[in-house]
*Asks:* 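Have a look at this one.
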Number of protein chains: 2
Amino acid sequence: MSRTAIIAGTGPLPGLLVAALSARGEDFVLAEMEGFAAAVPGLAPIRFRLERLVPFLDHLAGLDVARVVFAGAIRRPRIEAELFDPRTATLVPQILAALRSGDDGALGAAIAIFEEAGFAVVGADALVPDLAPGPGLLAGRPTAADKADVACAVAIVAALGRLDIGQGAVVAQGLCLAVEALPGTDAMLAFVTAQAGLRPDPAGARGVLYKAPKPGQDRRVDLPMLGAGTLRAAHAAGLAGIAWEAGGVILADRAAMVAEAAALGLFLWSRAR
Amino acid sequence: MSRTAIIAGTGPLPGLLVAALSARGEDFVLAEMEGFAAAVPGLAPIRFRLERLVPFLDHLAGLDVARVVFAGAIRRPRIEAELFDPRTATLVPQILAALRSGDDGALGAAIAIFEEAGFAVVGADALVPDLAPGPGLLAGRPTAADKADVACAVAIVAALGRLDIGQGAVVAQGLCLAVEALPGTDAMLAFVTAQAGLRPDPAGARGVLYKAPKPGQDRRVDLPMLGAGTLRAAHAAGLAGIAWEAGGVILADRAAMVAEAAALGLFLWSRAR
């Protein structure tokens, strides 16, 4: 049976996929871009550079890899022109255009290059469906005011996603306290924590974090993630809970999040679109 | 000749209007909502409460006020139901709906109430046209990359404004570093300062702050403002300059900003729509 290649970026997703595939007894290879810290301790990854992408694709094919999953965000690498091999050099226009075109464009271009090389590109949630929970309440219970805040955040995140700038927002009492941009969710929550006292009614709704993929986003790359760290940061920011688009967000550690949400009194709501 | 009433909120705008009207020898009255710090040192304002709005409007008419200008943001006040006078009580549905409807809705409702009481509501920029500069470069010169970042920020701010969440964004190298929400421009710039090192190319474009009114916004209320403090914060955040929609943004202290921008090497660009 042919193998799966995990193209590991930052965050916990590579480790989650390694654990799930190992538990199922499936064979895989782990690949990481040079210049980034090891994604999964104890495993020696295949290292690759964007400037030598074509030889890397050949190497994967030689290892009987048929299926590729992009796991975790890959920071834009610096390109060193003198390192290009001749065949990858023919992809330079495609690569440079991708790096200039925003997150979605860059990831779409990466998928296209792998598919043209004959690999199937699958999403982490397709490979391990348990990672992205479907609709349901996982912890606590949002109030009517919390639900109104979530509905407001849903509209904001949808509009932001169309601009390719982030996948989250914090709304309290109908007011947008913060919007996620390049620095990410943790930075946004730290910002909200530092801006305490903005809610007009101190006794009113405490606010919500909402996360969703960008509208029209290719679900095979870079789904938003939530983890126990996000939960603690949301608690520190004084929020009532976290909601996300059901099926569109990966939970890094569902059991720990649910337990901690219950202990901290936050709701966790996987909200049907 | 009838008088102008300046309804003073926070920030430097009330003081700028007082100075400009005084210099022109025009008569005015200054009014402030109870519970907020004095907007213009040395002047004793008429104090009013939202719960006694109708008696306040009568008082203004008795002072021969014909024209009203809203100057500076007014934080949402807490309403104490027992303080309503009978006539203002008839406006309660209108007032509460306004307070729930986001910034634009609240300000639109305020304008409607003053207009129904027979006052002309004018914008600060209509009263003192010099406050909101027309198209032109006031300091420095944006590079082509800076202009591309501004164009990107223009699209983001337009989309955000349609959602009634803020009037600014920071973009560097085509990437959105931050979006303005309720906490305002200074908080956004402090956030960018704390997130140093995000720009993919350390030698590339340093990024821009762009400000604009919300699309379709009634220009008579709450135009975005820029001042020397914003300029210093933009410099601290490592930005190349500040751009804004020409005619749609008030400069608190144009001469000081231009001098300081030249000293710090930032551009100031009042960009035609």
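All chains are named by letter (A, B, ...) in the order of the sequence lines, taking the proteins before the strands, and each is independently numbered beginning at 1. Side-chain atoms are counted along with the backbone in the values below, which use heavy atoms only and exclude waters and symmetry mates.
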*Asks:* For A:Leu163, is it the side chain, the backbone, both or neither that has a heavy atom under 4.5 Å from a heavy atom of chain B?
*Replies:*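 The side chain, not the backbone.
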*Asks:* If you compare all heavy atoms of A:Cys176 against all heavy atoms of B:Ala181, which two are closest, and at what distance to 0.1 Å?
*Replies:*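 Residues A:Cys176 and B:Ala181, closest heavy atoms: O-CB, 3.3 Å.
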*Asks:* Top residue by heavy-atom pair count (under 4.5 Å) with chain B, among A:Gln173, A:Met188, A:Gln195?
*Replies:*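 Of the candidates given, the most pairs with chain B belong to A:Gln195.
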*Asks:* Between B:Ile156, B:Val192, B:Asp201, which shows the greatest number of heavy-atom pairs under 4.5 Å with chain A?
*Replies:*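 Maximum pair count with chain A is reached by B:Ile156.
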*Asks:* Just grab all the ring pair (Phe, Tyr, Trp, His ring centres under 6.0 Å) pairs involving residues 187-219 of chain A, residues at least two apart or on different chains.
*Replies:*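 For residues 187-219 of chain A: A:Phe191-B:Phe191.
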*Asks:* Checking A:Ala187 against chain B: side chain, backbone, both or neither under 4.5 Å from a heavy atom?
*Replies:*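 Both parts, backbone and side chain.
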*Asks:* Side-chain contact test, heavy atoms from C-beta onward, threshold under 4.5 Å: evaluate it for A:Leu160 versus B:Leu160 and give yes or no.
*Replies:*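 The answer is yes, as the side chains (C-beta and beyond) meet within the 4.5 Å cut-off.
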